[in-house]
Amino acid sequence: MKRSFEQVRSFLTRAAMTESLEEREAVIAEVRRDTDFFEGYSPEETALLQDIWSDVVNGARETAVARSVVRQQARL
């Protein structure tokens, strides 16, 4: 069943706001599995969802890099 815009916005926003890399990765995996995830919304809604999606992905990258740096520093 297709989620409403508000459900998808809330789902992505929660992922974008979490500091948990595992939660972000789970959301990323779910979105990537659903090839129609961003389909069926107005152009404005799609743009907003894609902006939030970008925050999710970029935040996951930043968290992964930060963890890597901390691990490297811990080894020194």
With a 4.0 Å cut-off, would you call Arg67 and Glu22 a salt bridge? yes
Linking I/L/V/M/F/W/Y whenever any side-chain heavy atoms sit under 4.5 Å apart, do Ile28 and Leu48 land together? yes
Do Leu21 and Val57 land in one hydrophobic cluster if side-chain heavy atoms of ILVMFWY residues count as linked below 4.5 Å? no
Nearest 0.5 Å, what's the [atom1]-[atom2] distance between [X] and [Y]?
X     : Y     : atom1 : atom2 : answer
Tyr41 : Ser4  : OH    : OG    : 7.0 Å
Glu6  : Glu45 : CD    : CD    : 8.0 Å
Arg32 : Glu25 : CZ    : CD    : 10.0 Å

Applying side chain to side chain contact (heavy atoms under 4.5 Å, CB included), run through Thr18 and Val27 and close with a yes or a no. CA-CA 11 Å; Thr18 186; Val27 169; over 6 Å; no
For the residue pair Ser20 / Arg24, report whether a side-chain donor-acceptor contact shorter than 3.5 Å exists. no
How far apart are the closest heavy atoms of Phe38 and Lys2, and which atoms are they? N-NZ, 4.4 Å
Output side-chain donor-acceptor pairs under 3.5 Å for residues 49-56, partner residues at least two apart or in another chain, one line each.
{"from": "Ser54", "atom 1": "OG", "to": "Asn58", "atom 2": "ND2", "distance (Å)": "3.3"}

